[in-house]
Amino acid sequence: MIKVSVMYPNGKDVQFDAEYYKANHLPMIVNALGDALKGLELDLGVASRVPGEPAPYVAIAHLKFDSITSFQESFGLHGETFAADVKNYSNVQGVLQISELITF
């Protein structure tokens, strides 16, 4: 299994509408990807390891797929639609990382 993490960096002028993201963007992704998507988690940054400093990321979405191929085939069909929606919830682009998911 793989995990695709979309990380939205935090910063001085970063805007991120978490309510829109939860109510509109993520459901759009879930509906578009269908059975290829095996799980979805959302982390909303609240702090960093240094007291008083903001979290390094305002949000991180974790999407789970059986394989990279499954991700590419399902996500690729809708990538432009997903990207076009970013302007509705943030002024920063997410950084995408694909990881092998290992559980203990």
Side-chain angles (χ1 to χ4, degrees):
M1 181 160 290
I2 64 151
K3 177 169 64 173
V4 177
S5 299
V6 184
M7 303 171 284
Y8 295 90
N10 202 354
K12 181 182 174 201
D13 297 321
V14 170
Q15 297 171 6
F16 191 88
D17 184 344
E19 292 308 314
Y20 180 92
Y21 194 70
K22 292 186 294 186
N24 297 286
H25 189 75
L26 291 180
M28 174 181 62
I29 289 174
V30 169
N31 290 333
L33 299 181
D35 293 339
L37 182 64
K38 302 303 179 188
L40 173 64
E41 296 177 345
L42 174 61
D43 300 342
L44 295 175
V46 295
S48 73
R49 65 180 171 172
V50 178
E53 286 190 8
Y57 297 96
V58 291
I60 305 173
H62 303 283
L63 297 83
K64 297 177 185 174
F65 297 87
D66 284 331
S67 66
I68 292 174
T69 302
S70 176
F71 160 68
Q72 291 170 333
E73 289 175 351
S74 62
F75 203 89
L77 297 172
H78 308 283
E80 288 183 20
T81 302
F82 298 159
D85 193 44
V86 172
K87 68 181 180 303
N88 294 316
Y89 62 86
S90 186
N91 63 345
V92 65
Q93 291 292 319
V95 176
L96 190 139
Q97 175 173 303
I98 301 173
S99 303
E100 179 181 4
L101 185 59
I102 300 171
T103 57
F104 292 88

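This one's a predicted model, so the numbers in the text were calculated from it and none came from an experiment. Keep in mind that the numbers below use all heavy atoms, side chains included, and drop hydrogens, waters and symmetry copies.
Side-chain atoms of Asp85 and Tyr20 include a donor-acceptor pair closer than 3.5 Å. For the residue pair Asn88 and His25, no side-chain donor N or O sits within less than 3.5 Å of a side-chain acceptor on the partner.
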Cut-off 3.5 Å, no hydrogens considered: what does the side-chain donor-acceptor table look like for residues 90-98, sequence neighbours left out?
from: Ser90; atom 1: OG; to: Gln15; atom 2: O; distance (Å): 2.8
from: Ser90; atom 1: OG; to: Val92; atom 2: N; distance (Å): 3.1
from: Ser90; atom 1: OG; to: Val92; atom 2: O; distance (Å): 3.4
from: Asn91; atom 1: OD1; to: Gln15; atom 2: N; distance (Å): 2.7
from: Asn91; atom 1: ND2; to: Asp13; atom 2: O; distance (Å): 2.8
from: Gln97; atom 1: NE2; to: Ser99; atom 2: OG; distance (Å): 3.0

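Remark: the backbone N or O of Ser67 is not paired with any side-chain donor or acceptor of Ser70 at under 3.5 angstrom.
Between Met7 and Asp43, the closest side-chain pair of non-hydrogen atoms is not below 4.5 Å. Two residues are said to be in side-chain contact when any heavy atoms from C-beta on lie closer than 4.5 Å; Pro56 and Asn10 fail this criterion. Using a 4.5 Å heavy-atom cutoff, the side chains of Glu100 and Ile102 are in contact. Within the 4.5 Å cutoff, side-chain heavy atoms of Lys22 are placed close to those of Leu42.
Under the rule for a side-chain hydrogen bond (donor to acceptor under 3.5 Å, both in side chains), Lys38 has no partner lying at least two apart in sequence or in another chain. By the ring pair (Phe, Tyr, Trp, His ring centres under 6.0 Å) test, Phe82 is found to be paired with Phe75, His78, residues two or more places apart in sequence or in another chain being considered. With sequence neighbours excluded, the residues forming a side-chain hydrogen bond (donor to acceptor under 3.5 Å, both in side chains) with Tyr8 are Tyr89, listed by chain and number. Under the salt bridge (Lys or Arg N to Asp or Glu O under 4.0 Å) criterion, Glu73 pairs with no residue, sequence neighbours left out.
How far CG of Leu33 is from CG of Leu77: 9.0 Å, rounded to the nearest 0.5 Å. In this structure, CG on Asn24 lies 11.5 Å from CD1 on Ile29, to the nearest 0.5 angstrom. Taking CG of Asn31 as the start and CG of Leu26 as the end, the distance is 11.0 Å to the nearest 0.5 Å. Note: Thr103 OG1 to Lys3 NZ = 11.0 Å, rounded to the nearest 0.5 Å. Atom OH of residue Tyr21 and atom CG of residue Leu44 lie 9.0 Å apart, to the nearest 0.5 angstrom.
With hydrophobic clusters built from ILVMFWY side chains whose heavy atoms lie under 4.5 angstrom apart, Ile60 does not share a cluster with Val58.
In this structure, Met1 shares a hydrophobic cluster with Leu101, the cluster being traced through Ile, Leu, Val, Met, Phe, Trp and Tyr side chains under 4.5 angstrom apart.
No more than 12 heavy-atom neighbours from other residues, nucleotides or ligands sit within 6.0 angstrom of CG on Asp35.
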